[in-house]
Amino acid sequence: MAKSAEKTKKSKSKKVFTPNIVAFACNWCSYAGADAAGVNRLQHSPNFRIIRTMCSGRVTPAFVLKAFNAGADGVLVSGCHFGDCHYIFGNHKAVEQFDKTKALVKTLGLDERRVRLEWVSAAEGPRWAELINEFVEQITALGPSPLNHKKK
Amino acid sequence: MTIATDKLKSNRAFLCLECGKCTAVCPISRYNELFSPRRMLAEGLFYDAENLISDKLLWSCLTCQLCSQRCPVDVRFSEYMRDVRADAYLQGKRGNPSHGGALHYIMEMVSESKLKQNRTGWINGDLKVKKKGDVLYFVGCLPYYQDFFAKDFDFSPVSIAADTVKILNYLGIEPVILDNERCCGHDLYWLGQLQKFDELGEENMKQFEKSEVKTIVTACPECALVLKRLYPERLGSGKYEVKHITELVAENIDKFNFKELGEKATYQDPCRLGRYLNVYDQPRDSIKSIPGVEFTELAHCRRGAICCGTTNWMNCDITSKQIQKSRLQEAVQSGAGTLITACPKCQIHFRCAEMGDENEKTGIEITDFVNFIAKAIDN
């Protein structure tokens with residue numbers, strides 16, 4: 001019984017590609033935004049893992065590349081809107097770092113749509129849910145990353 | 001935990017006289033008294049190596065071979081460091097990578113054979129390259145450095161690649177450039193990640209064989225060392241000859257028609273090109289043959305040249321900064337206005353040392369050998 005259940009699970013996972021997404025969320029806005037989405041019981045895709053950073057400016061190219069190296073299919077970097085940053089200009093730094101990241105991802109031959117920088121405030125729970133759904137849909141359309149060794 | 005006897009033997013560690021010359025000349029030991037090559041060797045020889053393997057300073061060694069140069073019995077300390085690091089790596093020990101390890105992740109990622117890189121964006125219309133031919137230009141990490149360092153350091157790493165092709169075209173050579181060239185694996189080799197190094201090497205060797213090249217030219221001393229010596233050592237030799245661009249320019253120096261530059265220049269010997277590959281005279285002769293260039297030597301030059309402060313993107317700290325600053329001071333004291341180096345990494349490190357405190361800036365112009373030669377080519 002258990003074996004057959006496992007089998008159906010396996011055959012299902014072969015047919016449907018469920019992406020693995022790493023989402024870096026800043027402590028003050030986006031993480032709280034994601035929390036708000038949960039508190040409001042908004043349904044959204046469960047394919048992402050949140051990593052909380054104190055500020056989106058902390059997310060250097062190394063973070064994103066490590067995620068891809070470990071087999072992530074997409075990476076989302078998310079922080080406060082301009083002017084809302086708790087470290088005043090942290091999200092401007094995030095933009096600088098993200099430009100580098102995007103260029104590196106492009107040179108590496110990964111689709112640049114696999115990385116995304118978005119601003120989500122603590123009050124924007126519905127926007128977080130919408131954003132995640134949209135991003136998961138996009139990555140599903142792109143297919144697994146060439147560095148994702150589990151799904152071929 | 002002890003270091004395996006055959007590793008000690010192959011690196012001539014048993015011959016150590018404990019004279020301490022290695023520690024006396026080591027650029028790291030000069031600024032960080034906690035780092036001592038003699039002690040690190042003795043720990044591997046006589047004691048339990050547990051301390052050595054868990055020591056963060058294990059990853060600080062520049063593998064610049066200045067110690068081996070001075071060693072009376074030729075202990076291969078750099079290779080010894082590589083072997084100890086390989087043991088430490090297997091135990092899950094790591095150093096502190098610079099830039100959060102971003103460059104190491106890139107090296108690991110490009111070993112994936114399914115990845116199709118977009119690394120030839122720098123080839124513009126003026127440069128003549130071919131899909132198949134006798135000469136291959138091995139670009140190395142320059143396209144990645146362009147994305148990573150160009151904005152902060154105000155220089156263009158891919159201009160080194162573009163100028164190399166320009167020089168090759170000037171000599172009537174249209175080089176082959178691989179669309180999906182892999183990292184040579186130099187840094188992973190010296191950090192003891194030998195399995196990843198072999199994977200990268202095999203991917204590269206396959207591509208060389210496919211393109212049927214006879215000569216490989218590179219503008220990076222590290223790539224030159226790997227292709228010339230490390231691949232044949234570990235993976236068997238290919239049917240091609242490897243040349244660093246300084247060697248190629250020196251060989252064909254009669255064919256160049258330089259214009260007058262009017263600069264005072266000095267030259268930093270990259271450790272891989274100098275002490276590892278014995279290329280000292282070729283770049284100097286080429287620079288001196290440009291009319292109007294007055295060449296001065298640094299206080300520490302040729303076999304005694306001091307490293308640019310960091311290798312393998314590992315353990316960059318205040319010690320590295322001090323080495324870089326003292327090296328730049330030497331350049332200023334030599335009276336030169338331009339510091340020429342043949343290694344893109346040296347240039348990145350020196351430019352990094354020049355950033356920060358306005359009062360400590362030396363203001364010396366730092367340029368690559370290739371850019372300098374390309375500037376002097378008369379069009």
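A, B, ... follow the sequence lines: proteins, then strands. Residue 1 opens every chain. From a predicted model like this one, the values you see are computed outputs, not experimental measurements.
Here the shortest heavy-atom pairing between B/G100 and A/A62 reads O-CB, 3.2 Å. The minimum heavy-atom distance between A/N69 and B/M109, with the atom names listed, is OD1-CG, 3.5 Å. Taking every heavy atom of both residues into account, A/K106 and B/N118 meet most closely at O-ND2, 3.0 Å. Closest of all the heavy-atom pairs between B/A102 and A/L65 is O-CD1, 3.7 Å.
The interface of residues 182-200 of chain B with chain A, defined by heavy-atom distances below 4.5 Å, is empty.
The CG atom of A/N148 sits 8.0 Å away from atom NZ of B/K114, with the distance rounded to the nearest 0.5 Å. Between the CZ atom of B/F148 and the OG1 atom of A/T101 there is a distance of 8.0 Å, given to the nearest 0.5 Å. Here the CG atom belonging to B/L142 is positioned 12.0 Å from the OG1 atom belonging to A/T107, to the nearest 0.5 angstrom. One distance of note links CG of A/L108 with CD of B/E112; it measures 11.5 Å at 0.5 Å rounding.
Contact of A/T60 with chain B is not made at all, since no heavy-atom distance falls under 4.5 Å. With a threshold of 4.5 angstrom between heavy atoms, B/D152 approaches chain A through side-chain atoms but not through N, CA, C or O.
Counted within 6.0 Å of NZ on B/K321, heavy atoms from surrounding residues, nucleotides or ligands total more than 12; the atom is thus considered enclosed. Surrounding NZ of B/K93 are more than 12 heavy atoms belonging to other residues, nucleotides or ligands, all under 6.0 Å away. Within a 6.0 Å radius of CD in A/E137, no more than 12 heavy atoms belonging to other residues, nucleotides or ligands are found. Residue A/K66 places its NZ atom among 12 or fewer non-hydrogen atoms of other residues, nucleotides or ligands, all under 6.0 Å distant. In the displayed structure, A/Y31 atom OH is contacted under 6.0 Å by at most 12 heavy atoms of other residues, nucleotides or ligands. In the displayed structure, A/F82 atom CZ is contacted under 6.0 Å by more than 12 heavy atoms of other residues, nucleotides or ligands. Other residues, nucleotides and ligands contribute over 12 non-hydrogen atoms within 6.0 Å of the CZ atom of A/R114.
A heavy-atom distance below 4.5 Å is found between the side chains of A/L110 and B/L115. B/K151 places a side-chain heavy atom less than 4.5 Å from the side chain of A/D99.
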